[in-house]
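Values reported hereafter were calculated over all heavy atoms of this structure, with side chains retained and with hydrogens, waters and symmetry mates removed. Positions are given from 1 along the sequence.
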Amino acid sequence: MKTVDESKTISVTNDRYRLKYHVMTPFGWMNDPNGFSYSNGYYHLFYQYNPYSAEWGPMHWGHYRSRDLVHWEQLPIALVPGDPEDANGCYSGCSIAKDGRLYLMYTGHNLLKPDDPDHYREVQNIAYSDDGVHFTKYEDNPVIATPPEDNTQDFRDPKIWQHDGHYYVILGSRGKDGLGRVLVYRSDDLLHWEYRGPIAKSDGEKTQGHMWECPDFFELNGKDVLLFSPQGIEATEKQYLNLHQTGYFVGDMDYEANRFTHGDFSEIDHGHDFYATQTTQSPDGRRILIGWMDMWESAMPEQEDGWAGALTIPRELTLRDGHVYMNPARELKELRQATVLDESTEVRLERLNLPDPQHVELLVEGELANWQGHRFEVMLATESGLLISLSYDKDSGELVLDRPDKGDDAKRFGTVKRSDTLKLQIFIDTSSVEFFVNDGETVFTERYFTEQKPTIELKADAELPMHLTAYTLG
């Protein structure tokens, strides 16, 4: 089994954009969260990692663990590529506990020719650990060596769950017809897998994508949810504006027939910087999600400093009326250090006087029933100009996120149902902002980059009764 070449790892040269309470790479490159699970008193969180460069490269599995989703301990790299079953990368996958042992299932990426990155073979491998820290690759890898005959070379990102005494794994793939889909296999021991077939498929390359990555499957409120990241959906005026999307189907799974009957696709986060989610179940039964807080082909100024990539705060998922709501995990209240704002006021134009506006949780609750205005906006700005704003239109329920640094790609859009109350819960870190609107009905995830101290401003086109609460975060 390969090991990390410590002589080639890099280091962080500047802390200016380093986050304070998010999981991020210690140095080098980070993308997809992997293997998010709970076992023996710990949440385990792995991620796609290149310790040799701040650019994407040979994918390793970095590893953190936490008892509470707040305090994270960095552990040794769990998977290093270069063995016959993963010669060119240990790509995304999952983890699951069985009989006291923690199993990883991951995609081994293998180029058919060293200088041809467009032609490859992807296989599914197993690694395991009895202490949750040091992992051994299974000697008979791969456990799934070939995709089905009607599949292309794209065949990756396994996610395992249990149902009625069997293990199931879902895989993202692309059929030979050029359409994205997810495939299901079944096992009794995690090592021998029976192909069951596809359970969901794109209805068209432009409408639902040509490749489906990072699938996840779980139950919420008596319904089954397929969460995944489709690639290739054609943008509309206000939807699917990122290079790739992340969203879900809600439906019902017939395990005997291997059939998933579902409704329409819905984006789960409307921000610029959100992709490749993973979920796990907490010990008390909640469904917890973490995503990659970046997007392919985005500018990443932190690369100049020897690192790139971070993960979102953990989020709880709930399902109501066919819609997935996403809220900050309740454990994050432990981050609160001091209450620095707690007041009721009439907002017209207000600059918040906060000691550390870059490390704050802000709660904004506006009473709309008798409000004579139509538009409310929250802004993060510096002397050089606007960094990020989120505006709300009372008449349409539309939310508009604006990032001027993105140029022609500055705006993202969402909506919330008509209500007498507007609620915003906002988490700001050194170089990130996460907006949760109306108890997680709509969410925006964003990165921003400044070396100036920003200010937070609230603006309404008529006096708006609001209650404002802010906490500094550790």
Side-chain angles (χ1 to χ4, degrees), residues 35 37 91-96 98 103-107 122-126 142-205 207-231 246-266 268 277-281 287 317 319 322 324:
S37 63
Y91 278 17
S92 290
C94 59
S95 65
I96 190 169
K98 176 180 181 290
Y103 288 83
L104 310 182
M105 190 174 191
Y106 69 98
T107 297
E122 293 185 324
V123 300
Q124 314 314 317
N125 300 318
I126 290 286
V143 294
I144 303 177
T146 57
E149 291 184 357
D150 63 345
N151 211 76
T152 62
Q153 63 185 359
D154 294 307
F155 179 63
R156 55 184 174 267
D157 307 340
K159 179 63 186 288
I160 298 172
W161 73 98
Q162 274 187 288
H163 179 80
D164 283 351
H166 297 288
Y167 295 99
Y168 291 84
V169 67
I170 196 168
L171 284 158
S173 77
R174 181 180 186 178
K176 287 185 176 177
D177 58 4
L179 298 178
R181 60 183 189 169
V182 291
L183 311 174
V184 169
Y185 290 73
R186 186 173 67 185
S187 174
D188 293 326
D189 62 3
L190 298 177
L191 302 176
H192 303 87
W193 293 91
E194 168 200 6
Y195 179 53
R196 299 279 289 161
I199 61 164
K201 179 179 177 179
S202 169
D203 64 9
E205 180 176 353
T207 55
Q208 288 185 352
H210 58 69
M211 172 61 194
W212 287 4
E213 289 196 320
C214 305
D216 201 341
F217 197 80
F218 49 87
E219 184 179 319
L220 281 180
N221 196 24
K223 302 294 285 186
D224 295 306
V225 178
L226 172 61
L227 177 66
F228 61 104
S229 293
Q231 298 181 338
T246 296
Y248 60 91
F249 294 133
V250 176
D252 297 285
M253 179 67 178
D254 183 335
Y255 282 86
E256 289 301 315
N258 195 57
R259 182 182 302 114
F260 178 56
T261 305
H262 60 81
D264 295 334
F265 177 75
S266 299
I268 195 169
T277 53
Q278 279 225 338
T279 75
T280 194
Q281 190 173 51
R287 180 59 51 174
L317 302 184
L319 181 69
V324 174

Query raised in the report: Is the shortest heavy-atom distance from the side chain of Ile96 to the side chain of Met105 under 4.5 Å?
Result: no
Query raised in the report: Any luck finding a side-chain donor-acceptor pair between Thr279 and Arg287 under 3.5 Å?
Result: yes
Requested in this report: Hey, could you give me the CD/CZ distance between Gln208 and Arg181, rounded to the nearest 0.5 Å?
Outcome: 14.5 Å
Query raised in the report: Mind checking whether Pro142 and Gln124 have side chains closer than 4.5 Å, heavy atoms only?
Result: no
Query raised in the report: Is the shortest heavy-atom distance from the side chain of Thr107 to the side chain of Pro158 under 4.5 Å?
Result: yes
Report task. Tell me whether the centres of the aromatic rings in Phe217 and Phe260 are closer together than 6.0 Å. Result -> yes
Requested in this report: Determine whether Thr152 and His210 make a side-chain contact, defined as any pair of heavy atoms from C-beta on separated by less than 4.5 Å.
Outcome: no
Query - Sub-4.5 Å side-chain heavy-atom contact between Leu226 and Ile170 - result: yes
Query - Gap between atom CD of Gln231 and atom CZ of Arg174 - 0.5 Å precision - result: 9.0 Å
Query - Pairs where residues 155-170 contributes a residue and the test salt bridge (Lys or Arg N to Asp or Glu O under 4.0 Å) is met, not counting sequence neighbours - result: Glu122-Arg156, Asp154-Arg156, Arg156-Glu213, Lys159-Asp216
Requested in this report: Consider only side-chain N and O atoms of Ser37 and Thr280, and report whether a donor and an acceptor are under 3.5 Å apart.
Outcome: no
Query raised in the report: Do any N or O atoms from the side chain of Asn221 and from the backbone of Leu319 form a donor-acceptor pair under 3.5 angstrom?
Result: yes
Query raised in the report: With sequence neighbours left out, what residues match Gln153 under side chain to side chain contact (heavy atoms under 4.5 Å, CB included)?
Result: His119, Tyr120
Report task. Please name the pair of heavy atoms, one in Gly165 and one in Asp188, separated by the smallest distance, quoted to 0.1 Å. Result -> O-OD1, 4.3 Å
Report task. Would you please name every residue forming a side-chain hydrogen bond (donor to acceptor under 3.5 Å, both in side chains) with Asn258, sequence neighbours left out? Result -> none
Query raised in the report: Would you say the side chain of Phe249 lies within less than 4.5 Å of the side chain of Phe265, judging by non-hydrogen atoms?
Result: yes
Report task. Might you point out which heavy atoms bring Leu227 and Gly247 nearest each other, and give the distance in Å? Result -> CD1-O, 3.2 Å
Query raised in the report: At their closest point, which heavy atom of Tyr168 faces which heavy atom of Val184, and how far apart are they?
Result: CD2-CG1, 3.9 Å
Query raised in the report: Is there a side-chain contact between Leu317 and Val225, using heavy atoms and a 4.5 Å cut-off?
Result: no
Requested in this report: Determine, stepwise, if the pair Ile144 / Tyr195 fulfils side chain to side chain contact (heavy atoms under 4.5 Å, CB included).
Outcome: CA-CA 9 Å; Ile144 303 177; Tyr195 179 53; over 6 Å; no
Requested in this report: Measure from the side-chain N and O atoms of Ser187 to the backbone N and O of Trp193, and report whether any donor-acceptor pair falls under 3.5 Å.
Outcome: no
Query raised in the report: What closest approach, in Å, do Gly35 and Ser95 show between heavy atoms, and which atom pair accounts for it?
Result: O-OG, 2.6 Å
Report task. Answer yes or no: does atom CG of Asp203 have more than 12 heavy-atom neighbours from other residues, nucleotides or ligands under 6.0 Å? Result -> yes
Query raised in the report: Which pair of non-hydrogen atoms, one from Ser202 and one from Trp212, has the smallest distance, and what is that distance?
Result: N-CZ2, 3.3 Å
Requested in this report: Please check if the distance between the ring centroids of Tyr248 and Phe218 is under 6.0 Å.
Outcome: no
Query raised in the report: Rounded to the nearest 0.5 Å, how far does NE2 of His166 lie from CH2 of Trp161?
Result: 13.0 Å
Query raised in the report: Does the side chain of Lys98 come within less than 4.5 Å of Tyr167's, by heavy atoms?
Result: yes
Query - Contacts of type side chain to side chain contact (heavy atoms under 4.5 Å, CB included), residue Glu194, not counting sequence neighbours - result: Arg186, Arg196
Query raised in the report: Distance from Asp252 atom CG to Thr261 atom OG1, nearest 0.5 Å?
Result: 7.0 Å
**Report entry** Verdict with reasoning, Leu191 to Ile126, per side chain to side chain contact (heavy atoms under 4.5 Å, CB included)
**Finding:** CA-CA 8 Å; Leu191 302 176; Ile126 290 286; 4.1 Å; yes
Query raised in the report: For the residue pair Phe228 and Pro215, what are the closest heavy atoms and their distance?
Result: CB-CA, 3.9 Å
Requested in this report: Identify, with sequence neighbours excluded, every residue that meets side chain to side chain contact (heavy atoms under 4.5 Å, CB included) alongside Asp177.
Outcome: Leu179, Lys201
Report summary line: For His192, the side chain to side chain contact (heavy atoms under 4.5 Å, CB included) test, sequence neighbours excluded, returns Asp189
